[in-house]
Amino acid sequence: MSLKLYNSLNRKKEDFVPLNPSHVKMYACGPTVYNYAHIGNARMAVVFDVWARMLRYHYPKVTYASNITDVEDKIIVAAKEQGITISEVTKKYTKIYNDDMASLGVQLPDVQPKATEHIQEMIDQISALIERGHAYEAEGHVLFHVPSDPTYGALSGRTRDEQVAGARVEVAPYKRDPADFVLWKPSNEDQLGWDSPWGNGRPGWHIECSAMAEKHLGLPFDIHGGGADLKFPHHENEIAQSCCAHGNADDVTSFSKYWVHNGFVTVEGEKMSKSLGNFLLVHDLIKDHKGEVLRLALLSAHYRQPLDWSEQVLHQMQILLDKAYQKLLELVDVDVIDVDFVVPVLNALNDDLNTPLVIAELNKILKEQDGAELKSSLLKIGDVVGIFQEDPHDWFGDEMDGVSDEDVSKIEALLAERIEAKDNKDYTRADEIRDELLEMGIEIKDTREGTNWQKVS
RNA sequence: GGCGCGGUGGCAGAGUGGUCAUGCAGGGGACUGCAACUCCCCGUACAGCGGUUCGAUUCCGCUCCGUGCCUCCA
């Protein structure tokens, strides 16, 4: 079965047919770096990381580009608030973002372009738009003239008129048309600015991605992705800019052939927002949960569906991963053999990245397979989904944390005493010892191989 | 107001025109001195109303409910 994906451009699930099967190219809009990454940022990163891994499974060469937006007014605000420079803000949060994503098993994109390093490309593209009559200068701003683009609205399915009718922002007086959007805007001294044919200024947000995608992937490329909220206006504007800059206003696929959007994460059923103060940061969650647990939780709903974050989901993923790692631990000395990719899992992944189904199939595999076959299948799936990347010993290693050597000897002494008590059928004493251990925060389990113990929280 | 998305068993969450999702939680059982772990078994789920059909949770229409975007929020 071939790879299928849901193309936002025509709202249909389609067979993925690469422009060039020997080199597939994908771009996904990355974060604006002015704060810690939240779980919503993480969902985007994880989803497109899996897409990239899946594409690599199918095709010999994949270039995945995902940008860092390091020019934006919010960054300027953050710098002022924190009393540090703009570049200190962007540098700091870029590192935090990459570290946090790495903790979720997200591989660094092949290219991670930064907006500030592509100002010239943006200026060039804006110039081309002006030359072709799609943009104009007004009071130090350069604006894209929406009525000049006959196909504007193709992605979001809203016409210019509808957009104007629904607009809730005041229209700047210098705009020729209410729908026109900014390509370049003037900067004052304390704002970041670059020289341009239109004076000292900075780029609008949309032009950044257009310029960076073209520079690193060339046009057209295969897949463009991002969060669902970016569909309008960001992605709509990207299409307008990139197509019109090259005289391809009529062909919306002259920029990217497929468009993929991931759904939002809600918390307790509500959207994360500053006013509700319910932003969940990866930085915080990673303190209490393993990265792969968070990652799998982010993949527990289909990527296009909304995902409600809850402790229950985390609990379930923890159990599943523990179960799998337990098997991997038992099989640690077994050699990996060459196995076929488990068919139902491959089909699920091929079907527009149906990761919830993959999770269900994992449960079945854990029940139905064993030995080298199980280990090999698990690892093969893990490479695409981005799980089972840890050493099984390390996975369970944390459970020994905070238990000193002294405690260990004490525990073992008590266990030895308990075995003796059991042998003497002195179950009262045996149970006393169990309770004593429990008070120390140690839980024991009698198995056929003997008694195990572990720290409980 | 405009443009979308969704309503599946206690919960999470896939899927299908007519035999199974899966997991968590819950109930029962096996095992065990008892617990726990493990294993086995169980529960008349598809918002409502019409329509198409031999047959619809699955297709179409309407209603109700929830939710996202339209504000340089992933």
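Proteins come first, then strands; the chains are lettered A, B, ... in the order of their sequence lines, and each starts at number 1. Values below: all heavy atoms of this structure, side chains included; hydrogens, waters and symmetry mates excluded.
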Subject >> Base-pairing string, 5' to 3', of RNA chain B - Watson-Crick or wobble, under 3.5 Å, | interstrand >> reply: (((((((..(((.....[...))).(((((.......)))))....(((((..]....))))))))))))....

**OP:** Pick the P atom in B/rC3 and in B/rC54, then give their distance to the nearest Å.
**Re:** 36 Å

Original post:
Which whole number of Å gives the distance between the C1' atom of B/rG6 and that of B/rU57?
Top reply: 15 Å

**OP:** Quick one: label A/Val47 by what it contacts on the DNA or RNA (base, sugar-phosphate, nothing), any heavy atom closer than 4.0 Å.
**Re:** nothing

Subject >> Partners meeting side-chain contact (heavy atoms from CB on, under 4.5 Å) with A/Leu331 (sequence neighbours left out) >> reply: A/Val334, A/Leu374, A/Lys375

**OP:** Rounded off to whole Å, could you give me the NZ-to-C1' distance for the A/Lys367 and B/rA21 pair?
**Re:** 12 Å

**OP:** For A/His302 and B/rG6, give me the distance from atom NE2 to atom P, rounded to whole Å.
**Re:** 11 Å

What are the atom names and distances for every N/O pair under 3.5 Å that joins the protein to nucleotides 7-12 of chain B?
residue	atom	partner	partner atom	Å
B/rC11	O2'	A/Gln312	OE1	3.2

Original post:
What nucleic acid atoms does A/Gly40 come within less than 4.0 Å of, heavy atoms only: base, sugar-phosphate, or nothing?
Top reply: base

Subject >> Gap in Å between the two P atoms, one belonging to B/rC70 and one to B/rC46, rounded >> reply: 36 Å

**OP:** Sequence neighbours left out, what passes salt bridge (charged side-chain N to carboxylate O under 4.0 Å, His left out) with A/Asp70? Give chain and number order.
**Re:** none

Original post:
What residues form a side chain to side chain donor-acceptor pair (under 3.5 Å) with A/Glu137, not counting sequence neighbours?
Top reply: none

**OP:** State, without any angle test, whether A/Glu236 and A/Ser156 hold a side-chain donor-acceptor pair at a distance under 3.5 Å.
**Re:** yes

Subject >> Of A/Lys231 and A/Ile319, the one whose closest RNA chain B nucleotide lies more 5' >> reply: A/Lys231

Original post:
With a 3.5 Å cut-off and no angle check, do the side chains of A/His235 and A/His206 form a donor-acceptor pair?
Top reply: no

What donor-acceptor contacts under 3.5 angstrom involve side-chain atoms of residues 104-113 of chain A, with partners at least two apart or in another chain?
residue	atom	partner	partner atom	Å
A/Asp110	OD1	A/Arg56	NH2	3.2
A/Asp110	OD2	A/Arg56	NH2	2.7
A/Asp110	OD2	A/Tyr64	N	2.7
A/Gln112	OE1	A/Asn98	ND2	3.0
A/Gln112	NE2	A/Asn98	OD1	3.0

**OP:** Would you kindly give the CD-to-P distance between A/Glu236 and B/rC70, to the nearest whole Å?
**Re:** 13 Å

**OP:** Kindly write out the residues that satisfy side-chain contact (heavy atoms from CB on, under 4.5 Å) with A/Gln316, not counting sequence neighbours, or none if the list is empty.
**Re:** none

**OP:** Would you kindly give the CD1-to-C1' distance between A/Ile365 and B/rA21, to the nearest whole Å?
**Re:** 14 Å

**OP:** Can you tell me, in whole Å, how much space there is between the P of B/rC72 and that of B/rC62?
**Re:** 33 Å

Original post:
Using a cut-off of 4.0 Å on non-hydrogen atoms, how would the nucleic acid contact of A/Gln305 be classed: base, sugar-phosphate, or nothing?
Top reply: sugar-phosphate

Original post:
Rounded to the nearest 0.5 Å, what separation is found between the CD atom of A/Gln305 and the OH atom of A/Tyr303?
Top reply: 10.5 Å

Subject >> A/Asn363 vs B/rU22: side-chain N/O to OP1/OP2 distance below 4.0 Å >> reply: no

Original post:
So, A/Asp124 and A/Gln120: side-chain donor and acceptor under 3.5 Å apart, yes or no?
Top reply: yes

Original post:
Below 4.0 angstrom from OP1 or OP2 of B/rG23, is there any side-chain N or O of A/Lys364?
Top reply: no

Name each donor-acceptor pair under 3.5 Å that joins a side chain in residues 357-369 of chain A to protein atoms two or more places apart or in another chain, with its distance.
residue	atom	partner	partner atom	Å
A/Asn363	ND2	A/Ile359	O	3.3
A/Gln369	NE2	A/Glu373	O	3.4
A/Gln369	NE2	A/Ser377	OG	3.1

Subject >> No-hydrogen, no-angle side-chain donor-acceptor test under 3.5 Å, A/Glu214 and A/Gln125 >> reply: yes

Which protein N or O atoms sit under 3.5 Å from an N or O of nucleotides 45-47 of chain B?
none

Subject >> B/rG66 versus B/rA25 - spacing of their P atoms, nearest Å >> reply: 32 Å

Original post:
Taking atom C1' in both B/rA56 and B/rU52, what distance in whole Å separates the two?
Top reply: 10 Å

Original post:
Which of these nucleotides, B/rA74, B/rA25, B/rA14, is closest to any side-chain atom of A/Ala301?
Top reply: B/rA14

Original post:
Just checking, is any N or O donor in the side chain of A/Trp309 or A/Thr266 under 3.5 Å from an acceptor N or O on the other one?
Top reply: no

**OP:** Give one of base, sugar-phosphate or nothing for A/Leu357, where a contact means two heavy atoms less than 4.0 Å apart.
**Re:** base

Original post:
Counting heavy atoms not belonging to A/Lys92, are there more than 12 under 6.0 Å from its NZ?
Top reply: yes

Subject >> Any residue meeting salt bridge (charged side-chain N to carboxylate O under 4.0 Å, His left out) with A/Glu436, in chain and number order, not counting sequence neighbours >> reply: A/Arg429

**OP:** Could you list the residues that satisfy side chain to side chain donor-acceptor pair (under 3.5 Å) with A/Glu117, not counting sequence neighbours?
**Re:** none

Original post:
Say you pick atom C1' in B/rG61 and the same atom in B/rG28; how far apart are they, in whole Å?
Top reply: 46 Å

**OP:** Provide, to the nearest angstrom, the distance between the CG atom belonging to A/Asn67 and the P atom belonging to B/rA74.
**Re:** 11 Å

Original post:
Where along residues 413-435 of chain A does a heavy atom fall under 4.0 Å from RNA chain B?
Top reply: A/Arg418, A/Lys422, A/Tyr427, A/Asp431, A/Arg434

Original post:
Quantified in whole Å, what is the P atom distance between nucleotide B/rU19 and nucleotide B/rG13?
Top reply: 26 Å

